[in-house]
Amino acid sequence: MSTEPDPRLERLIHRELRSLPDRAAPESLLPRVMAAIRERQSLPWWARPWTSWPRSAQMVSFLLLLGVLGGLGWGWPTAWEAVGPVETVGVLDRLLSPLGTLWQGIVTAGGEAMAYLNAEGRPLLLMIGSVVLALYLFCIGLGTALVRLVLQSRPQNL
């Protein structure tokens, strides 16, 4: 059995497909397309996808993002030194106190792991955990932006 396509079959299929009449578009297609275009054009610039914003607004928002990330990168170690690990754990305990039972379960389950850490190891563990959380949230945001960008560039079925 040959794996090469049969040229006679290809010509026959091509000829048959060419002989078929063109299908007419539904009567409702043009009004729906025009309504969708008007709806997209009526959105304010800030409600549209970021790639269609004015260049000045894109630059300002990008610089603002860089400023926030830079501020976090610069201010986080400074704030960590100012608060100290003992006070940070106390603040976390106060913030999570409404979740009492859950928090106590987490503390109990992590008790053995924390026993291996000395006083200098705990801040390191908290810093690593917060960096991992920040990277996770960054990946979620980047993934969302990329999915929206891909879906925006694909033609919509109307």
Side-chain angles (χ1 to χ4, degrees), residues 5 13-14 17-18 20-107 109-110 113-114 116-158:
I13 291 173
H14 183 71
L17 289 175
R18 287 243 181 223
L20 292 175
D22 289 335
R23 289 189 63 191
E27 293 293 326
S28 63
L29 180 63
L30 184 61
R32 289 187 311 186
V33 168
M34 297 307 288
I37 291 172
R38 279 192 302 275
E39 181 182 332
R40 285 187 181 174
Q41 288 176 340
S42 67
L43 290 173
W45 66 267
W46 47 267
R48 295 181 189 167
W50 186 81
T51 54
S52 67
W53 284 12
R55 289 285 178 227
S56 59
Q58 286 180 347
M59 290 297 188
V60 167
S61 67
F62 184 71
L63 291 174
L64 183 63
L65 172 69
L66 287 178
V68 167
L69 291 176
L72 286 173
W74 173 78
W76 180 63
T78 306
W80 182 263
E81 290 175 9
V83 174
V86 175
E87 290 82 6
T88 304
V89 172
V91 169
L92 287 175
D93 190 37
R94 284 194 300 276
L95 288 175
L96 296 175
S97 64
L99 303 174
T101 306
L102 178 62
W103 178 245
Q104 288 302 321
I106 291 171
V107 169
M114 295 301 280
Y116 291 111
L117 297 173
N118 58 20
E120 295 174 13
R122 187 173 292 182
L124 178 64
L125 179 66
L126 291 175
M127 283 192 286
I128 290 171
S130 59
V131 166
V132 168
L133 178 64
L135 289 174
Y136 173 75
L137 294 175
F138 174 77
C139 289
I140 294 291
L142 182 63
T144 302
L146 290 176
V147 165
R148 287 187 180 186
L149 181 67
V150 168
L151 291 180
Q152 171 196 353
S153 63
R154 292 174 61 193
Q156 300 290 327
N157 293 334
L158 298 175

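What you see below is based on every heavy atom in this structure, not just the backbone, and it leaves out hydrogens, waters and symmetry mates.
- Between the Trp53 side chain and the Trp45 main chain, a donor and an acceptor come within less than 3.5 Å of each other.
- If you take CG on Leu69 and CZ on Phe138, they are separated by 7.5 Å, rounding to the nearest 0.5 Å.
- Rounding to the nearest 0.5 Å gives a distance of 12.0 Å between CD1 of Ile37 and OG of Ser42.
- To the nearest 0.5 angstrom, Leu149 atom CG is 12.5 Å from Thr144 atom OG1.
- Here Leu142 contributes atom CG and Leu137 contributes atom CG; the two are 12.5 Å apart, rounded to the nearest 0.5 Å.
- Considering every non-hydrogen atom in both Ala25 and Leu29, the closest pair reads CB-CD2, 3.9 Å.
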Taking it one step at a time, do Gln58 and Arg55 satisfy side chain to side chain donor-acceptor pair (under 3.5 Å)?
-> CA-CA 5 Å; Gln58 286 180 347; Arg55 289 285 178 227; 2.5 Å; yes

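- Side chain of Arg40 to main chain of Arg48: no donor-acceptor pair is present (N/O by atom type, distance under 3.5 Å, no hydrogens or angles).
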